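The structure presented is a predicted model; accordingly, all values stated were derived computationally and were not measured.
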Amino acid sequence: MDGGSVGGLALAGGEPVLGSLAPVDWPRTTDADRAAVLSVLESNVFVSDRTGETAVERLERSWADYLGVRRCVGVSNGTTAIELALLAHGVGPGDEVVVPALTFVGTAMAVVHVGATPVYADVDPVTFTMSPDSLAAEITGRTRAVLPVHLHGLSADLDAIGEVARRHDLVVVEDAAQAHGARHRGVRSGASGNTATFSLQMTKNLPTCGEGGLVVTDDDRLADRLVQLRQFGETIRPDRPRRYVSHRLGFNAKLSNVQAAYTSSQLERLDEYHAARRANVEAFLARLRPLEGLTCPSEPDGYEHAWHILRFVVDFERVLPGLEPGAARNLLMRALRAEGMPVTRYQMMPLADQPALRPLNRQSPDSWPVTQDVIDRSFTLQQRQLPPDAGPLLQSFADAVEKVWSHLKVLPELAEGAGR
């Protein structure tokens, strides 16, 4: 779009690029997905603690094969996946687990739920994932594990993080909830030899029809513990009836066969959707990279992004000089939303500042300067880029961003109320 020929900003009464905020069109449910779910309903086998092969077991085998790992264990959701993985590794009260300061609250809550204490590492300003140097600085004699998050669909630097973990004999549990299909140095996220967890929540790149989670590992003994932990500590075997004997304190954290069947069907199209998304997002970002003061999400050498979330960082001193950064960010987001582009902040604060987690934090408020800067200066686009045919919509979003950027000089005149 030629910035000199666009109409006035929709925020000031002009015609918007899109008539309304673009709706969410994800996940895409096909006839194959419906047939997979219907087959479970007709079988009348809805849970995973039954003799004979179940839809859960088929999904576990398919996801393990996809990643090239030995074992996969299906559980009720992605947060539970982290909790059970930590417990299976023996993490508990008195232990510390290092997590990134920029991520969804469930990562740290899982640590708290097993009785351990989350400690927050800062993130890299380019990848937004855990900084290995910050990780190293936060390790104490109580540190037992590190929980790198493959945020927004980009892998953390597992080579550097793994080296730090090996020096200090730490367990590494990857939170790959947003990274289905991503790669780091040719290796799929979750297949690096560590224990890794995935979410199947309906917003994810590999969704189910609700909630679900997966834990993967090459350690058979660990996988067996995970199976016990999800099922009241019992050992469930397909070759004998259930005995109702609990060998450890477990949970009721099973994945249902309906959800597993839906995800198995979606998995058949994961690579196709992943390739289409990468092409669509690249074409979208190619139009935005030349815009002054706007830093687009990137894909460093050796990484393959899954593009689960797109985060844009703005140099507000260049783009909207004279405005307080928070007001400038809100004003810019209002202008984009008025054009029909549904941008959001996503994270509102560093993880340690969440009210539920604040009482447990013993680190100083200036421990995460990069995280705070990224939150202060960024906005995100979520879900709309996930469908394989999202290319035209993303091009409309590019029109909206170019239009707003062509009117930056008049935006401050509309600043009143930008903080609301």
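Closest non-hydrogen pair, Tyr262 versus Pro207, comes out as CD2-O, 3.8 Å. Of all the heavy atoms in Leu226 and Leu84, the pair that sits closest is CD2-O, 3.4 Å. Among all heavy-atom pairs drawn from His308 and Thr203, the shortest one is CE1-O, 3.1 Å.
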- Item | Intermediate values then yes/no, salt bridge (Lys or Arg N to Asp or Glu O under 4.0 Å), Glu60 and Arg230 | CA-CA 14 Å; Glu60 290 171 338; Arg230 78 175 176 187; 2.8 Å; yes
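Between the side chains of Arg311 and Ser378, at least one donor N or O lies within less than 3.5 Å of an accepting N or O.
Judged by distance alone, with hydrogens and angles left aside, the side-chain atoms of Arg58 form no donor-acceptor pair with the main-chain N or O of Ala261 at under 3.5 Å. Side chain of Gln178 to backbone of Lys204: no donor-acceptor contact under 3.5 angstrom is found. Using a distance-only test at 3.5 Å, with no hydrogens or angles considered, a donor-acceptor pair links the side chain of Asn205 to the main chain of Ala306. With hydrogens and angles disregarded, a donor-acceptor distance shorter than 3.5 Å links the side chain of Arg287 to the backbone of Gln395. Although no hydrogens or angles enter the test, the distance criterion places a donor-acceptor pair under 3.5 Å between the side chain of Thr143 and the main chain of Thr140. Between the side chain of Asp122 and the backbone N or O of Thr371 there is at least one donor-acceptor pair closer than 3.5 Å. Side-chain N or O atoms of Glu57 include one that pairs as donor or acceptor with a backbone N or O of Thr54 at under 3.5 Å. A distance-only check finds a donor-acceptor pair linking the side chain of Thr127 to the backbone of Thr129 [under 3.5 Å]. No side-chain donor-acceptor contact under 3.5 Å links Asp175 to the backbone of Pro148. No donor-acceptor pair under 3.5 Å is formed between the side chain of Glu304 and the backbone N or O of Ala182.
Evaluation of the salt bridge (charged side-chain N to carboxylate O under 4.0 Å, His left out) rule for Asp95 yields Arg144 as partners, not counting sequence neighbours. In terms of the salt bridge (charged side-chain N to carboxylate O under 4.0 Å, His left out) criterion, residue partners of Asp33 (sequence neighbours excluded) are, by chain and number, Arg269.
The residue from Asp159, Asp301, Asp157 that alone fulfils the side-chain hydrogen bond (donor to acceptor under 3.5 Å, both in side chains) condition with Arg185 is Asp159. When the options Val401, Val404, Asp399 are evaluated for a side chain to side chain contact (heavy atoms under 4.5 Å, CB included) with Val17, the one that passes is Asp399. A side chain to side chain contact (heavy atoms under 4.5 Å, CB included) with Val319 is found for exactly one of Leu294, Leu411, Leu291, Val314, namely Val314.
Note that the CD atom of Gln347 and the CG atom of Leu151 stand 6.0 Å from one another [nearest 0.5 Å]. Distance check: Asp219 CG to Arg225 CZ gives 6.5 Å after rounding to the nearest 0.5 Å.
Ring geometry, His180 versus Phe198: the interplanar angle falls from 30° to 60°, so the pair is classed tilted. Ring pair Tyr303/His184 is tilted by interplanar angle, where 30° to 60° counts as tilted.
In this structure, Arg243 places its CZ atom where only 12 or fewer heavy-atom neighbours from other residues, nucleotides or ligands lie under 6.0 Å away. Residue-environment remark: CZ (Arg221) stays at or below the threshold of 12 foreign heavy atoms within 6.0 Å. Surrounding OH of Tyr346 are more than 12 heavy atoms belonging to other residues, nucleotides or ligands, all under 6.0 Å away. The 12-atom threshold is exceeded at CG of Asp65, counting heavy atoms of other residues, nucleotides or ligands nearer than 6.0 Å. Counted within 6.0 Å of CZ on Arg70, heavy atoms from surrounding residues, nucleotides or ligands total 12 or fewer; the atom is thus considered open.
A salt bridge does not link Asp25 with Arg384: every distance from a Lys NZ or Arg NE/NH1/NH2 to an Asp or Glu carboxylate oxygen is 4.0 Å or more.
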Side-chain atoms of residues 186-194: list all donor-acceptor pairs with protein atoms under 3.5 Å, sequence neighbours left out, distances to 0.1 Å.
| from | atom 1 | to | atom 2 | distance (Å) |
| --- | --- | --- | --- | --- |
| Arg188 | NE | Tyr66 | O | 3.3 |
| Arg188 | NH1 | Tyr66 | OH | 2.8 |
| Asn194 | ND2 | Glu174 | OE2 | 3.1 |

